[in-house]
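Notes follow the structure.
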There are 2 protein chains.
Amino acid sequence: MTVSLTRPLVLDPHPGTDPCVHCDARQASVCNAIPDSEMARLSTTAVVMEAAPGTTFIDEGEPAASFFNITRGTAKLFKLLPDGRRQITGFVTVGHFLGLAVSDTYAFSAEAIDNVRYCRFSRARLRSLLDDFPLMEKRLLEVASNELVAAQEQMLLLGRKTARERLASFLAMQSRQGVICQHPRERFALPMTRGDIADYLGLTIETVSRTLTKLRAEGLIDIPSPTEVIIRSQAALERLADGAS
Amino acid sequence: MTVSLTRPLVLDPHPGTDPCVHCDARQASVCNAIPDSEMARLSTTAVVMEAAPGTTFIDEGEPAASFFNITRGTAKLFKLLPDGRRQITGFVTVGHFLGLAVSDTYAFSAEAIDNVRYCRFSRARLRSLLDDFPLMEKRLLEVASNELVAAQEQMLLLGRKTARERLASFLAMQSRQGVICQHPRERFALPMTRGDIADYLGLTIETVSRTLTKLRAEGLIDIPSPTEVIIRSQAALERLADGAS
DNA sequence: CTATGGCGTTGACGCAGATCAAAACTGGCG
DNA sequence: CGCCAGTTTTGATCTGCGTCAACGCCATAG
């Protein structure tokens, strides 16, 4: 009775069939917990929206009226300090949920990196949806729990790892992302800028650039273009990421 | 129909009536989502356990067979790197849940700071409990979502705040903890050591000590004993915590 | 073609916080 | 009481990464 964890849960009532950005495999745009009949009904209350690159579509501190499900593209979530310092708390792609927390305002902002499509609906609608489909609630609990584990891993990175280890962890993680599609994971694209990577890893742009250059010089990775990475030694990278060297 | 968020949810089938560590107010050791009859039945499958200070009762990497609910005391959750570097991801007290994530091994370790009592039961039992009491599942989703928000706040701290700001944030947070009981929050105890604080804030023991000394010298706080703090200026501390100075 | 502006890389230098070291304090126990 | 082990504080020094600055690359506009 457990809900499948291998497919992204997508609430878009008009499911797209866009090819995977890495390979040409079609995304499975189906919701595993809600029957098609309900999905059709959803389309009358849910709004499907697009956000162009650089567009902020959730503002930290604004009244949290809606609940979001990403159905295409990549967005960054971040928090700001008054003087402009920024911490990116995560990059989210198709299947991710935003705005789950019970709070009257959003705890973070969200900005589109590439062309993002998302499904937005009111919290009231979410509540009734969860009442009708307990499986959906179960699934959300699983999702939130797993994100919590990822957040703790990121705390370890931010609190205790060196710049080298942070970059190695980041690259290893990015290469692991691609397991959903059949694409070989050694080579992959980095949709975000150096500034985004820096703000995600708690470093500066310069340190990110320098460290990547060094990792390349050591033969661990290759960087054919600023937005593309090839892992030369997955094992060595993982070892470095876990602080064993 | 929403479950109360103001009281800690405690699953201990033998609820204690220990006074609050700060004042003498009795803890509300009741479960808001599960009727007493079920709580009684729970006592046949759940195990209530005690952990003495310094005892590790969850080991990262071990098979995740159980689910925990803290019913007394304070514990620290942490992750380790192979060379011993440690990141404390949180301090948990009465009402907190551990081991929610769907994973075959624990993602962190847990160690008792003072005398900890907790209720342990199998994941299978949790699953059937959630099937029987949807309110309980709703509550867990709320809890997990709010912890996720707290984790993001901590990422901002670890990635972008200075040592001063980290300590100010930590002290402000600790003083806010006491709002459940009626105790005036200016003065409170720090049950954890300087080493724990350091590993929680991504600093060293020395930096924590020096920074606290400096905050005291500046009149923001007072430290009658190493384990006790008095907030002299809550407003100034909060301002400092948010990076506005 | 040149101008402009965003992004990435590289170099020189400085500093916040880590590291190393030692002294002061604390509680437990004979 | 005095001894001991663990914790906290304080001081001196070091260093990884931040800061500041310059430059190269590319895309778009004029």
Pairs where residues 206-220 of chain B contributes a residue and the test salt bridge (charged side-chain N to carboxylate O under 4.0 Å, His left out) is met, not counting sequence neighbours: B:Arg164-B:Glu218
d(CG, B:Leu190; C1', D:dT8) in whole Å: 13 Å
Length of the CG-C1' vector between B:Asp196 and D:dT8, whole Å: 13 Å
Separation of D:dG16 P from A:Leu167 CG (nearest whole Å): 16 Å
Integer-rounded Å distance: D:dA21 P and A:Arg210 CZ: 15 Å
Test item: B:Arg85 side-chain N/O and A:Arg160 main-chain N/O as donor-acceptor pair under 3.5 Å: yes
Atom-pair distance (CZ on A:Arg194; C1' on D:dG24), nearest Å: 15 Å
Salt bridge (Lys or Arg N to Asp or Glu O under 4.0 Å) against B:Arg120, all qualifying residues, sequence neighbours excluded: none
Sugar-phosphate, base or nothing in reach of B:Ser225, heavy atoms under 4.0 Å: nothing
Spacing of B:Met192 atom CE relative to D:dT8 atom C1', expressed in whole Å: 16 Å
Aromatic ring proximity A:Phe67/A:Phe97, centre distance under 6.0 Å: yes
A:Glu206 (side chain) and D:dC17 (base): donor-acceptor pair under 3.5 Å: no
Start and end of chain A contact along DNA chain C [non-hydrogen atoms, under 4.0 Å]: C:dG8 to C:dA12
For A:Phe108, ring pair (Phe, Tyr, Trp, His ring centres under 6.0 Å) partners two or more places apart: none
N or O in side chain of A:Thr207 less than 4.0 angstrom from D:dG18 OP1/OP2: yes
Comparing B:Val208 and A:Gly195 on DNA chain C - which has the more 5′ nearest nucleotide: A:Gly195
Salt bridge (charged side-chain N to carboxylate O under 4.0 Å, His left out) contacts touching residues 220-231 of chain B (sequence neighbours left out): B:Arg187-B:Glu228, B:Asp222-B:Arg232
Touch class at under 4.0 angstrom, heavy-atom based, for A:Gly202 against every strand present: sugar-phosphate
Pair listing, salt bridge (charged side-chain N to carboxylate O under 4.0 Å, His left out) test, anchored in residues 53-64 of chain A, at least two apart: A:Glu60-A:Lys79
Sugar-phosphate only, base, or nothing, as touched by A:Thr193 at under 4.0 Å among non-hydrogen atoms: sugar-phosphate
Gap between atoms CD1 and P, on A:Ile205 and D:dA22 respectively (whole Å): 17 Å
Minimum-distance nucleotide (side-chain atoms of A:Leu203 versus D:dC17, D:dT10, D:dT8): D:dC17
